[in-house]
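Let me begin by presenting the structure, written as structure tokens, before commenting on it.
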Amino acid sequence: IKKEREEERIRKEEEAIELEAKMMRQQQMSASGVIGSLGPKTSGGAKVKRRWDQDVVFRNQAANKPENKKRFINDTIRNDFHKNFLNKYIQ
């Protein structure tokens with residue numbers, strides 16, 4: 001009985017190793033674009049086209065910046081520069 005159990009355990013281990021190797025090969029085949037395109041087609045293997053900047057960290061940074069409109073006031077105390085100066089250095 002011990003021999004049979006030992007043989008069964010060894011057979012299961014070999015099957016597990018074989019299955020793991022097969023899964024690893026399958027992963028490698030699907031990860032490679034060239035080999036994956038030559039191999040059998042799978043329904044989950046279709047890739048969505050991505051833009052070149054989708055994986056960039058600093059994306060759309062300039063688009064979120066508000067635009068400050070400069071207005072002209074012919075008065076040195078009420079113009080925008082003077083107000084900004086007072087806010088920055090006085091208050």
Side-chain angles (χ1 to χ4, degrees):
I1 295 175
K2 287 183 180 181
K3 276 187 179 180
E4 290 176 4
R5 288 183 182 167
E6 183 69 23
E7 289 173 0
E8 182 71 23
R9 185 183 63 81
I10 291 172
R11 187 179 59 78
K12 284 186 179 182
E13 284 180 0
E14 288 175 355
E15 285 178 6
I17 290 171
E18 204 173 299
L19 181 65
E20 187 176 321
K22 186 183 259 189
M23 293 292 287
M24 185 70 87
R25 274 186 262 130
Q26 194 76 350
Q27 268 185 337
Q28 289 174 351
M29 290 286 276
S30 66
S32 174
V34 175
I35 296 173
S37 65
L38 297 176
K41 300 289 181 187
T42 58
S43 61
K47 290 190 177 186
V48 178
K49 284 196 170 191
R50 297 176 63 195
R51 288 179 48 95
W52 64 271
D53 65 343
Q54 281 186 338
D55 57 345
V56 178
V57 178
F58 302 105
R59 185 176 170 208
N60 293 330
Q61 293 292 315
N64 297 335
K65 214 173 205 182
E67 242 182 76
N68 292 335
K69 299 271 184 172
K70 294 285 184 178
R71 55 193 178 110
F72 178 74
I73 299 174
N74 196 12
D75 187 2
T76 55
I77 294 176
R78 291 190 305 143
N79 68 8
D80 291 333
F81 174 78
H82 186 70
K83 286 183 182 182
N84 290 337
F85 179 83
L86 288 178
N87 286 335
K88 188 172 181 180
Y89 293 108
I90 304 299
Q91 294 177 354

Notebook entry, point to check: With the threshold set at 4.0 Å, does a side-chain nitrogen-carboxylate oxygen contact exist between E6 and R9?
Noted result: yes

Margin query: For Y89 and F85, take the angle between the two ring planes, folded into 0 to 90°, and tell me which bin it lands in: parallel under 30, tilted 30 to 60, perpendicular over 60.
Written below: tilted

Checklist line | Flag if over 12 foreign heavy atoms under 6.0 Å of CD, E20 | finding: no

Margin query: I need the Q26 CD to L19 CG distance, nearest 0.5 Å.
Written below: 11.0 Å

Notebook entry, point to check: Would the number of heavy atoms belonging to other residues, nucleotides or ligands and lying under 6.0 Å from CD1 of I90 be above 12?
Noted result: yes

Check: More than 12 non-hydrogen atoms from neighbouring residues, nucleotides or ligands closer than 6.0 Å to CD1 on I77, yes or no?
Finding: no

Notebook entry, point to check: Would you say E8 has more than 12 foreign heavy atoms packed within less than 6.0 Å of its CD?
Noted result: yes

Check: Counting only heavy atoms not in R78, do more than 12 fall under 6.0 Å of its CZ?
Finding: no

Item checked: Closest approach of I73 to N79 (non-hydrogen atoms, all atoms of both residues) -> O-CB, 3.9 Å

Next item on the list: Identify, with sequence neighbours excluded, every residue that meets salt bridge (charged side-chain N to carboxylate O under 4.0 Å, His left out) alongside E15.
Entry: R11

Note to self: To the closest 0.5 Å, what do you measure between CD1 (I10) and CZ (R5)?
What the structure shows: 14.5 Å

Item checked: All pairs passing salt bridge (charged side-chain N to carboxylate O under 4.0 Å, His left out) where residues 80-91 contributes a residue, at least two apart -> R71-D80

